[in-house]
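Reviewing the structure listed below.
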Amino acid sequence: MSAAQLHGEARPSVRDRNVLSITSSAFGRELLAGLSSQPRVVSPKWFYDEAGSMLFEQITQVPEYYPTRTELALLEQHAPAMAAHMGAGAEIVEFGAGASRKVRLLLSALVAPRRVLPIDISGDHLEKAAERLRIDYPGLAVLPVVTDFTRALDLPPPMGRRVGFFPGSSIGNFEPAQAQRLLRRMAGWLAGGGLLVGVDLVKDPALLHAAYNDAQGVTAAFNLNLLARANRELGADFDLAQFSHSAFYNPPRSRIEMHIVSRRQQTVCLGGQRVEFDEGDSVQTECSYKYTVESFQRLAVAAGWMPHAVWVDEARWFSLHWLQPG
Ligand code: AVJ
């Protein structure tokens, strides 16, 4: 910050404003910390600005990305059975709601649902989805909650019988120990209500590889959008053409890993700080753990839940688990 500004004489320059925003934005702080650590790791939650949420919606349409359509088909087929477990007059808390396409299949099967609380870190996207829900379900209360539920969550008292819905295998983005802790915290937030969780299953590595390396390059754009977001929001100067998308299956860890890899030696300015990259340096941007039905049930039990019902598609690609408090 220049002398003039220190003395409050002139408006801070663009760079100074970005320096300011770096320290004052959770994204800025966590990105800087992630890029300064070894290995370099950044949380996948930072993918979901408006552009990222839109790119993810596009991913769900590419032929290689099977999880969303497989889960939707399971919900379409088994919504009545799931609704029976949830009961009449339910209130659904949906974690990582995104466009709220999936919860509609449950709402249509439920008897007199009272309220839905869609939760997401991406505010604009969530508000738009909530507005559409209000229009399509006139008698239903819709209370969107824009927050990062991995940090803290403050919900209003339940309106009716509260149940949880955690779709899409977003549970896979957490290290198993973190996933266990999150499931345990969800039990608290749900105040004794049950939880329906979508879990992607272990399968042929070639299928998994293709799902995270689609031919159209949408997943690559989704991954690199993290750098574009840093340029937009933090005034960084990432040259996206000098970085590449990498996603591969790691069998011993039973997870897909996504990385952004530097194509050459380069320096990036981020909030007045210089970040050096050598050719081949990578930043891990996401893990997506894959479970078997049994390994996920073990995790749920360890988190204090009781597996009550599970629905799996014929190819055994994806599963939905109804958990009751243990
Ligand atoms: C929304 C987190 C479930 O891990 O499969 C899609 C995100 N990443 N393609 C996943 C994602 C790359 C997705 N989740």
Side-chain angles (χ1 to χ4, degrees), residues 41-75 94-103 118-122 125-126 129 148-150 165-176 178-179 182-183 196-229 244-250 253-261 282-291 296 299 313 317-321:
V41 178
V42 177
S43 165
K45 67 185 174 193
W46 300 120
F47 283 140
Y48 300 97
D49 62 345
E50 183 62 9
S53 296
M54 303 295 279
L55 282 164
F56 176 65
E57 287 310 312
Q58 287 174 40
I59 288 175
T60 66
Q61 306 301 322
V62 302
E64 299 94 335
Y65 192 76
Y66 61 83
T68 306
R69 71 175 70 87
T70 311
E71 186 175 38
L72 281 167
L74 279 170
L75 287 163
E94 184 181 8
F95 300 95
S100 284
R101 255 189 302 157
K102 296 166 186 169
V103 75
I119 303 173
D120 205 285
I121 195 170
S122 179
H125 208 60
L126 188 69
D148 169 3
F149 64 77
T150 64
F165 181 37
F166 192 22
S169 199
S170 292
I171 188 78
N173 279 160
F174 299 87
E175 298 292 321
Q178 287 174 322
L182 180 61
L183 288 173
L196 183 64
V197 189
V199 180
D200 196 16
L201 298 175
V202 172
K203 57 183 63 62
D204 173 359
L207 272 173
L208 288 168
H209 186 87
Y212 294 84
N213 292 281
D214 62 281
Q216 295 165 47
V218 184
T219 309
F222 172 73
N223 194 7
L224 292 172
N225 173 62
L226 187 74
L227 305 183
R229 180 181 184 177
S244 56
H245 163 73
S246 164
F248 55 89
Y249 185 56
N250 177 341
R253 304 294 300 276
S254 185
R255 69 186 192 190
I256 280 279
E257 294 186 20
M258 285 216 314
H259 296 253
I260 291 175
V261 180
S282 90
V283 182
Q284 180 190 292
T285 52
E286 183 179 60
C287 282
S288 199
Y289 283 86
K290 309 304 174 184
Y291 292 87
F296 180 73
L299 182 85
D313 63 299
W317 284 1
F318 201 90
S319 58
L320 275 153
H321 301 249

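Basis for what follows: all heavy atoms, side chains included, without hydrogens, waters or symmetry-related copies. Atoms within a ligand are numbered from 1 in the order they appear, just like the ligands themselves.
- The nearest heavy-atom contact from the protein to atom 3 (C) of ligand 1 is G168 O, 2.8 Å.
- Nearest protein heavy-atom neighbour of atom 4 (O) of ligand 1: S288 OG, 2.8 Å.
- At a heavy-atom distance under 4.0 Å, only backbone atoms of S169 (N, CA, C or O) approach ligand 1.
- Side chain of N225 to main chain of A228: no donor-acceptor pair is present (N/O by atom type, distance under 3.5 Å, no hydrogens or angles).
- For the residue pair H125 / S53, no side-chain donor-acceptor distance below 3.5 Å is found, with atom types taken as modelled.
- Applying the ring pair (Phe, Tyr, Trp, His ring centres under 6.0 Å) criterion to Y291, with sequence neighbours excluded, gives F296.
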Let me check something: any side-chain donor-acceptor pairs from residues 67-74 under 3.5 Å, sequence neighbours excluded? List them with distances.
| residue | atom | partner | partner atom | Å |
| --- | --- | --- | --- | --- |
| R69 | NH1 | P63 | O | 3.1 |
| R69 | NH1 | Y65 | O | 3.3 |
| R69 | NH2 | V62 | O | 2.7 |
| T70 | OG1 | Y66 | O | 2.6 |
| E71 | OE1 | K102 | NZ | 2.8 |
| E71 | OE1 | G168 | N | 2.9 |
| E71 | OE2 | G168 | N | 3.0 |

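- Protein heavy atom in closest approach to atom 2 (C) of ligand 1: N173 OD1, 2.9 Å.
- Counting the atoms of ligand 1 from 1 in the order shown, those under 4.0 Å from a heavy atom of F222 are 8 (N).
- Of the protein's non-hydrogen atoms, E286 OE1, 3.7 Å is the one closest to atom 11 (C) of ligand 1.
- Of the N or O atoms in S170, none lie within a sub-3.5 Å distance of an N or O in ligand 1.
- Between Y48 and ligand 1, no pair of N/O atoms sits closer than 3.5 Å.
- Side-chain contact check for Y289 and E175: at least one donor-acceptor pair (N or O, by modelled atom type) lies under 3.5 Å.
- Across the listed options F47, Y65, F174, Y65 owns the non-hydrogen atom lying nearest to atom 6 (C) of ligand 1.
- The aromatic rings of F149 and F174 are tilted relative to each other, their planes meeting at an angle between 30° and 60°.
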